[in-house]
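Take a look at the structure set out below.
Model, not experiment: these values are computed from the prediction.
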Amino acid sequence: MRNQRTQTIVEASLCVALSAALNLVALRLPINIAGGSISLAMLPIAIIALRRGALTGAIAGTTFGLVDLIMEPFILYHAQVILDYPLPYLLFGMGVGVFSTLYYGKPSVIATPSASASVAQASAAATPSPSTSATSFAPTLLQLTRKSAVATVAFFVGGTGRFISHVLSGVLFFAEYAGGQNVWVYSLVYNISYLLPSLVASAVCAIAIMPVLDRAAPARSRGAA
């Protein structure tokens, strides 16, 4: 248990650091004069959230939000700081992490085989079947498809939480930037201009990276997904 807790802390710390590094390699659109940029900063937060759950995702997200505040502060009011930095990433990490169990599937029940069963299994394993690779490919493909679908939904839920926080900040504290247009429309368009591309890019990368990462370093003892 202690080793697993240590591993979680190390992974979360690395993910926060990687998010900060990725945030430095960002694309800022001309419309984003009050902050916000297209980047893969959400990718490491989503990975740790899927691997370790909602609580770890929320803590990692909040930590990165505070790091982002230090790196690129845009401060008008105290409440605006909360809505634009720790809260949106907390909501993102927690929203993605809620789907951790669904992503990995239910733990399987492992029974202790008897001596005769062990001998039979060893004998069967020693005799390769021509259809083994064909029969194992289909379940693997189904597993990857299901995980990709779950990850997509997780990103949508987490991204929606972050989006709402930023939109509220725009409506409450950045109305002066809206000019003559409706402040709600302005905030919605402004935030979706960089959040949607960031979410899509991060989701695609996560779907590609997670299976490889889970094979190299399993998150925890889980059953087959």
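- Across all their heavy atoms, G93 and A49 have their closest contact at O-CB, 3.4 Å.
- Summarising the geometry of L195 relative to H166, their closest heavy-atom pair is CD1-CD2, 4.0 Å, with the distance given to 0.1 Å.
- Side-chain contact check for P86 versus L66: some heavy-atom pair is nearer than 4.5 Å.
- In terms of modelled atom types and a separation under 3.5 Å, the side chain of S198 and the main chain of S39 share a donor-acceptor contact.
- By the 4.5 Å heavy-atom criterion applied to side chains, P88 and D84 are not counted as neighbours.
- Here the closest heavy-atom approach between residue V96 and residue A46 is recorded as CG1-O, 3.7 Å.
- Residues F92 and G159 come closest through the heavy atom pair CD1-N, 3.6 Å.
- Summarising the geometry, atom CG belonging to L188 is positioned 8.5 Å from atom CG belonging to N182; distances are rounded to the nearest 0.5 Å.
- Side chains of N32 and S37: no donor on one and acceptor on the other come within 3.5 Å.
- When every heavy atom of G65 is checked against every heavy atom of Y89, the shortest pair comes out as CA-CD1, 3.7 Å.
- Here F99 and Y103 keep their ring centres 6.0 angstrom or further from each other.
- Taken from NZ in K147 to CE in M210, the straight-line distance is 7.5 Å, to the nearest 0.5 Å.
- When all heavy atoms are compared, the tightest approach of S148 to T152 is O-OG1, 2.8 Å.
- No side-chain donor-acceptor contact under 3.5 Å links S187 to the backbone of V183.
- Take D68 and apply the salt bridge (Lys or Arg N to Asp or Glu O under 4.0 Å) test, not counting sequence neighbours, and it matches no residue.
- V10 and I209 are assigned to two separate hydrophobic clusters, defined by single-linkage of ILVMFWY side chains at heavy-atom distances under 4.5 Å.
- Inter-residue side-chain proximity for V16 and V67 is flagged as met; some heavy-atom pair is nearer than 4.5 Å.
- By the 4.5 Å heavy-atom criterion applied to side chains, Y186 and V171 are not counted as neighbours.
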One pair to check against side-chain contact (heavy atoms from CB on, under 4.5 Å): D214 and R51. What are the steps and the verdict?
CA-CA 9 Å; D214 283 334; R51 284 171 60 83; 3.1 Å; yes
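- A continuous path of ILVMFWY side-chain contacts below 4.5 Å connects L83 to I75, so both sit in one hydrophobic cluster.
- Both V157 and I45 belong to a common hydrophobic cluster when Ile, Leu, Val, Met, Phe, Trp and Tyr are linked at side-chain heavy-atom distances under 4.5 angstrom.
- Using cut-offs of 30° and 60° for the angle between ring planes, the F174 and F74 rings count as tilted.
- Linking Ile, Leu, Val, Met, Phe, Trp and Tyr residues whenever their side-chain heavy atoms come within less than 4.5 Å leaves L102 and I48 in two separate clusters.
- To the nearest 0.5 Å, the span separating CD1 on I31 from OH on Y194 amounts to 10.5 Å.
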One pair to check against side-chain contact (heavy atoms from CB on, under 4.5 Å): V167 and W184. What are the steps and the verdict?
CA-CA 8 Å; V167 168; W184 283 97; 4.1 Å; yes
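- The structure places OG1 of T56 at 11.0 Å from CZ of R5, a figure rounded to the nearest 0.5 Å.
- The environment of OH in Y77 is sparse: at most 12 heavy-atom neighbours from other residues, nucleotides or ligands sit within 6.0 Å.
- A donor-acceptor pair under 3.5 Å is absent between the side-chain atoms of R162 and the main chain of L90, judged by distance alone.
- Atom CD of E11 and atom CG of L213 lie 7.0 Å apart (nearest 0.5 Å).
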Pair Q181, V189 - check side-chain contact (heavy atoms from CB on, under 4.5 Å), show working.
CA-CA 11 Å; Q181 62 182 308; V189 173; 5.9 Å; no
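- Residues L24 and M71 are in side-chain contact: their nearest non-hydrogen atoms beyond the backbone lie under 4.5 Å apart.
- Judged by distance alone, with hydrogens and angles left aside, the side-chain atoms of S193 form a donor-acceptor pair with the main-chain N or O of Y190 at under 3.5 Å.
- Using a 4.5 Å heavy-atom cutoff, the side chains of M42 and L199 are in contact.
- By the rule that hydrophobic residues join a cluster once side-chain heavy atoms approach within less than 4.5 Å of another member, L91 and L55 end up as members of separate clusters.
- Take I192 and apply the side chain to side chain contact (heavy atoms under 4.5 Å, CB included) test, not counting sequence neighbours, and it matches F163, L196.
- One distance of note links CD of E72 with OH of Y85; it measures 7.0 Å at 0.5 Å rounding.
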